[in-house]
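Structure first, then comments.
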There are 2 protein chains.
Amino acid sequence: MSPRVRLRDVAAAAATSPKTVSRVINGDPRVSEATRDRVRRAVLDLGYQPDPLARSLRRGTDDTIGVVVDSVADPFFASVAGQIERIALPKGITVMIASTNRDQEHEREVLERMAQRRVAGLIVAPISGDHAHLAGLSCPVVFVDRRATGMEADSVVVDDHGGAHAAVRHLVDHGHRRIAFVGHEPELDTLRRRLAGYRAALHEAGITEEFLVASSPDRDEIVHATADLLASRRPPTAIFSPSTRSSMRVLPVLHRLGRLDVGFVAFGDLPLADSLTPGVTVIDHAPEVVGRLAAARLMDRIAGRPLPTEVITAPLRLIPRGSGEVPA
Amino acid sequence: MSPRVRLRDVAAAAATSPKTVSRVINGDPRVSEATRDRVRRAVLDLGYQPDPLARSLRRGTDDTIGVVVDSVADPFFASVAGQIERIALPKGITVMIASTNRDQEHEREVLERMAQRRVAGLIVAPISGDHAHLAGLSCPVVFVDRRATGMEADSVVVDDHGGAHAAVRHLVDHGHRRIAFVGHEPELDTLRRRLAGYRAALHEAGITEEFLVASSPDRDEIVHATADLLASRRPPTAIFSPSTRSSMRVLPVLHRLGRLDVGFVAFGDLPLADSLTPGVTVIDHAPEVVGRLAAARLMDRIAGRPLPTEVITAPLRLIPRGSGEVPA
DNA sequence: CTGTTAGCGCTTTCAG
DNA sequence: CTGAAAGCGCTAACAG
């Protein structure tokens with residue numbers, strides 16, 4: 001529309017210099033009340049709005065934070081991202097979201113691009129195994145869901161070991177002794193921890209028999225492996241699904257086969273989990289909490305508050321809905 | 001880490017001027033092969049990467065498109081956004097996603113901020129009723145899910161009327177005559193069209209009895225209203241849910257009450273829809289298609305290709321899974 | 001308390 | 001084909 005109002009236009013209208021207008025805009029106290037008022041009026045009259053690009057170029061940093069996750073289409077990360085946005089926006093911080101699609105090369109590219117844009121900070125669900133290359137980024141980084149390795153940075157995670165332990169313990173308490181872990185992804189630190197929690201719970205209960213399906217939830221193999229396992233001569237009486245993605249593949253199998261007698265507990269909540277029959281017992285993954293904690297910590301870092309590097313653990317809770325309470 | 005390589009550093013290394021380097025970077029053909037090679041080598045040697053902020057400031061436009069939707073945490077919009085990202089990124093275009101949380105004021109603010117950043121284009125799921133104020137934006141806008149009103153702009157929508165019509169027709173074909181429309185939101189154009197489709201299908205079948213629950217899916221009222229409706233003296237034998245958000249509220253009611261004899265067809269696919277018993281029959285909303293079409297059209301606009309303003313309709317298909325095929 | 005000068009890194013003139 | 005000068009809109013540095 002109108003050709004864009006600049007600082008100098010406001011300055012002219014307020015009969016002062018651009019720098020003084022800049023001071024008023026940025027809340028510098030060293031401006032007289034009278035001038036300040038004139039400037040404020042001019043700003044309103046002309047509908048002036050600062051140019052974020054020019055400002056960032058000069059300042060060397062942008063009022064933007066980057067969020068890099070596996071995929072925005074993943075409900076867990078979508079919730080995390082939504083929460084971050086909710087916290088950042090009121091502070092005048094813009095959020096840029098990007099997906100890695102679980103591809104290391106892609107992750108690198110996306111991060112580089114954000115760094116190039118001089119983002120003030122990054123929240124990353126890292127997919128690469130070693131994050132040393134991220135140490136070179138000149139802005140604070142907070143990891144979510146998976147913790148930092150190879151560099152000093154805060155991470156906001158959930159208690160993978162404890163959550164898995166609680167889930168399996170819950171099944172044991174309902175009489176199950178043959179419990180499968182379906183959907184292992186050994187390349188993910190998170191999953192390895194959940195596997196350890198599963199094993200610890202078995203061990204504690206004096207169970208030595210382990211059922212492990214290590215097919216990735218992204219491939220159809222998991223479907224067949226699960227069906228085969230249930231059809232085997234000595235099948236498990238319960239399944240622990242260590243990730244939402246795994247649950248989305250395994251639950252349909254159970255329902256298709258009508259195997260609703262099989263105990264089932266999932267790590268990560270699911271939409272419609274309480275409309276299934278039986279309802280799906282889950283360890284709630286608390287994406288909102290993860291998002292909130294990560295955003296808060298990043299703000300602290302951007303503000304330069306001196307804090308020790310930390311692994312922040314979001315609390316988990318078990319939500320019994322039926323599938324985890326079927327007897328063995 | 002290293003202090004950032006600038007154009008002039010590359011120029012120095014290649015023994016030429018910044019402008020010539022700029023020409024090479026931007027693929028200007030009017031540079032001799034020899035110079036071009038020297039520059040390319042220098043770029044690689046120094047690891048030069050252009051500064052997007054400086055470039056945008058000078059050019060007056062940013063290689064970024066903004067995506068503004070109800071909420072990234074909404075699975076439909078998350079898919080749409082994911083698809084847009086997938087198309088934009090390989091073209092070197094950065095995507096900024098923001099949520100309106102269905103708040104007009106918020107929408108205005110977010111859009112203003114993006115415009116301020118000189119985005120090259122916008123993809124918007126508009127929440128405000130009249131979009132005339134968006135006409136002032138100096139970049140192309142493509143609307144998704146809901147169509148433009150009050151301004152000339154492309155929209156990518158689904159066939160709301162036709163989809164709803166097909167859904168209700170499907171129920172009629174299975175013998176239902178008392179079919180409820182649960183979860184109307186009269187302020188949304190989309191929903192009004194779906195309601196019209198519902199009515200048209202009833203009319204065609206010679207049905208005069210209409211059941212309408214106009215509670216917003218965001219409020220608990222919809223739960224009670226649905227339960228009351230089913231408990232009434234002359235209840236519907238089937239329900240058409242005109243939105244995913246509505247389905248997420250209504251399905252739990254049906255399952256909690258054990259009313260699996262009630263026919264159910266939803267507008268918009270649902271995660272785990274085929275694990276419910278019965279599986280949920282849906283009109284697939286095709287978020288990926290909507291995203292792809294919107295992104296493609298926006299690219300056309302940004303490239304300045306002369307095209308008539310259009311309402312592009314993404315195809316829908318009915319996926320029968322059981323709930324829509326229960327007899328009356 | 002206020003203003004001037006310079007320059008963030010790039011690209012658009014316009015002149016060789 | 002190449003380069004010098006100017007400036008996008010803003011703010012840091014340094015006067016006054």
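A quick note: this is a predicted structure, and the numbers were derived from the prediction, not measured. Order of the sequence lines sets the chain letters (A, B, ...), proteins ahead of strands, with each chain counted from 1.
With the nearest nucleotide of DNA chain D identified for both Ala15(B) and Gln49(A), Ala15(B) has the one nearer the 5' end. Residues Pro50(B) and Arg30(B) both approach DNA chain C. Their nearest nucleotides, taken by heavy-atom distance, put Pro50(B) toward the 5′ side.
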Test log, rule salt bridge (Lys or Arg N to Asp or Glu O under 4.0 Å), inputs Glu185(B) and Arg102(B): CA-CA 12 Å; Glu185(B) 298 169 86; Arg102(B) 295 183 156 246; 3.6 Å; yes

Trace of the salt bridge (Lys or Arg N to Asp or Glu O under 4.0 Å) decision for Asp45(B) with Arg40(B): CA-CA 9 Å; Asp45(B) 282 355; Arg40(B) 275 206 272 253; over 6 Å; no

CA sep, side-chain torsions, deciding dist, call: Val142(B), Arg297(B), side chain to side chain contact (heavy atoms under 4.5 Å, CB included): CA-CA 7 Å; Val142(B) 173; Arg297(B) 176 50 63 115; 4.0 Å; yes

Working for salt bridge (Lys or Arg N to Asp or Glu O under 4.0 Å), residues Glu288(B) and Arg292(B): CA-CA 6 Å; Glu288(B) 293 79 8; Arg292(B) 188 158 43 69; over 6 Å; no

Worked check of side chain to side chain contact (heavy atoms under 4.5 Å, CB included) between Leu188(B) and Ile127(B): CA-CA 8 Å; Leu188(B) 295 184; Ile127(B) 181 68; 4.2 Å; yes

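Thr94(A) pairs in a side chain to side chain contact (heavy atoms under 4.5 Å, CB included) with only one of the listed residues (Leu89(A), Asp62(A), Thr64(A), Asp63(A)), which is Thr64(A).
The nearest whole Å value for the distance from the CG atom in Asp62(A) to the C1' atom in dG9(C) is 15 Å. Nucleotide dC8(C) holds its P atom 11 Å from the CG atom of Asp9(B), rounded to whole Å. Asp28(A) places its CG atom 17 Å from the P atom of dC10(D), with the value rounded to the nearest Å. Nucleotide dC10(C) holds its C1' atom 13 Å from the CD atom of Gln116(A), rounded to whole Å. Rounded to an integer number of Å, the gap from CZ of Arg55(B) to C1' of dC8(C) is 16 Å. The interatomic distance linking Leu53(B) (CG) with dC10(C) (P) rounds to 11 Å, in whole Å. One can place CZ of Arg38(B) at 12 Å from C1' of dC1(D), the figure rounded to the nearest angstrom. Residue Leu7(B) contributes atom CG, which lies 13 Å from atom P of dC8(C) at whole-angstrom precision.
A close approach under 4.0 Å does occur between a side-chain nitrogen or oxygen of Ser32(B) and OP1 or OP2 of dT2(D). Between Ser22(A) and dT11(D), a side-chain N or O to OP1/OP2 separation shorter than 4.0 Å is present. Of the side-chain N and O atoms in Thr20(A), one or more sit less than 4.0 angstrom from OP1 or OP2 of dG3(C).
Listed nucleotides dT2(D), dC1(C), dT11(C) differ in distance to Thr35(B); the shortest reach to its side chain belongs to dT2(D).
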N/O to N/O distances under 3.5 Å, protein versus nucleotides 4-8 of chain D:
{"from": "dG7(D)", "atom 1": "N2", "to": "Arg58(B)", "atom 2": "NH1", "distance (Å)": "3.2"}
{"from": "dG7(D)", "atom 1": "N3", "to": "Arg58(B)", "atom 2": "NH1", "distance (Å)": "3.3"}

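Within 4.0 Å of Ser56(B), counting heavy atoms only, lies no atom of the nucleic acid at all.
Looking at heavy atoms from C-beta onward, Cys139(B) lies in side-chain contact with Leu122(B) at the 4.5 angstrom threshold.
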